[in-house]
Amino acid sequence: MLDTPEPKTIEIVYDGECPICNAMFTRFLRLRQDKWRVVLTDAREHMDVARMLAREYGVDINDAFAVRIEQEWSFGGAALFSLFLAEKVRRPGLRRVALRLMRVIYPILSAGRRALLWLLGRRLIRY
């Protein structure tokens with residue numbers, strides 16, 4: 001009998017009160033759970049994780065969600081790239097361009113998220 005390898009573990013730390021984040025990561029979970037073990041961590045419910053990211057990596061979870069694949073963390077645009085494009089883009093030159101593009105686009109997405117939370121009357125995460 002062949003042993004099947006353990007799936008990679010991916011942890012996504014996000015704002016659970018953000019409707020965009022909830023929709024995106026819930027969908028990602030459904031799409032990927034056959035290939036990876038996906039753990040969704042709501043930073044509002046797990047302030048210790050948000051504090052650790054701020055302390056150890058200088059990341060404000062209000063500005064960038066975080067992804068841990070195995071033991072390596074990525075944030076914001078790099079995290080978006082690692083979740084949605086890393087497997088699809090094989091050529092190194094194209095990978096660099098896609099990663100740069102995500103890093104440029106992500107601050108715009110983050111600002112839109114902040115505006116949406118403000119319009120919905122939801123506060124930023126305080127930790």
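Start at 1 with the first residue, then count along the sequence. All values below come from the heavy atoms of this structure, side chains included, with hydrogens, waters and symmetry mates left out.
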Quiz item: Is any side-chain heavy atom of Leu83 less than 4.5 Å from a side-chain heavy atom of Phe28?
Solution: yes
Exercise. Mind checking the NE2-CE spacing from His46 to Met52? Nearest 0.5 Å is all I need.
Key: 12.5 Å
Quiz prompt | Residues that, via side-chain heavy atoms closer than 4.5 angstrom, fall in one hydrophobic cluster with Val97 | solution = none
Exercise. Mind running side chain to side chain contact (heavy atoms under 4.5 Å, CB included) on Lys8 and Arg37 for me, showing each step along the way?
Key: CA-CA 6 Å; Lys8 259 193 228 185; Arg37 182 178 167 267; over 6 Å; no
Quiz item: Is any side-chain heavy atom of Pro19 less than 4.5 Å from a side-chain heavy atom of Arg122?
Solution: yes
Quiz item: Restricting to pairs with a member in residues 46-64, which pass salt bridge (charged side-chain N to carboxylate O under 4.0 Å, His left out), not counting sequence neighbours?
Solution: Asp63-Arg114
Quiz item: Are Ile10 and Val67 close enough, and set up right, to give a side chain to side chain contact (heavy atoms under 4.5 Å, CB included), and what steps lead you there?
Solution: CA-CA 7 Å; Ile10 296 177; Val67 171; 4.0 Å; yes
Quiz item: Any side-chain heavy atom of Met24 within less than 4.5 Å of one from Leu80?
Solution: yes
Quiz item: Do Leu53 and Ile61 come close enough that some side-chain heavy atom pair is under 4.5 Å?
Solution: yes
Quiz item: Going from SG on Cys21 to CG on Leu116, what distance comes out if it is rounded to the nearest 0.5 angstrom?
Solution: 9.0 Å
Exercise. Look only at the side chain of Thr26 and the backbone of Asn22, and say whether a donor-acceptor pair between them is shorter than 3.5 Å.
Key: yes
Practice problem: Check Ala78 against Arg103 and note the closest heavy-atom contact, atom names and distance. | Solution: CB-NH2, 3.8 Å
Practice problem: Please answer whether the main-chain N or O of Asn62 pairs with a side-chain N or O of Arg113 as donor and acceptor at a distance below 3.5 Å. | Solution: yes
Practice problem: Decide yes or no for Trp73 and Val59: does some side-chain heavy atom of the first lie under 4.5 Å from some side-chain heavy atom of the second? | Solution: no
Quiz prompt | Interatomic spacing from CG in Leu40 to CD in Glu11 - rounded to 0.5 Å | solution = 9.0 Å
Practice problem: State, yes or no, whether a side-chain contact exists between Asp15 and Leu124 at a heavy-atom distance under 4.5 Å. | Solution: no
Quiz item: Taking side chain as C-beta onward, heavy atoms only, is Phe81 less than 4.5 Å from Tyr106?
Solution: no
Quiz item: Going only through I, L, V, M, F, W and Y residues with side-chain contacts under 4.5 Å, is there a path from Phe25 to Met102?
Solution: yes
Quiz prompt | From CG (Leu101) to CG (Leu94), nearest 0.5 Å | solution = 10.5 Å
Quiz prompt | CA sep, side-chain torsions, deciding dist, call: Phe75, Tyr57, ring-ring contact (aromatic ring centres under 6.0 Å, His included) | solution = CA-CA 9 Å; Phe75 311 97; Tyr57 298 96; 5.4 Å; yes
Quiz item: Looking only at heavy atoms, which two atoms of Ala64 and Gly76 are closest? And how far apart?
Solution: CB-N, 3.6 Å
Quiz item: What is the distance from atom OG of Ser82 to atom CD of Glu72, rounded to the nearest 0.5 Å?
Solution: 9.0 Å
Quiz prompt | Heavy-atom closest contact (Ile125 atom, Ala43 atom, distance) | solution = CD1-CB, 3.8 Å
Self-check item: Residues that Glu17 engages under side-chain hydrogen bond (donor to acceptor under 3.5 Å, both in side chains), provided they are two or more places apart
Solution: none
Exercise. Determine yes or no for a side-chain-to-main-chain donor-acceptor pair under 3.5 angstrom, with Ser110 supplying the side chain and Pro107 the backbone.
Key: no
Exercise. Report the distance from atom OG1 of Thr41 to atom CZ of Phe65, rounding to the nearest 0.5 Å.
Key: 13.0 Å
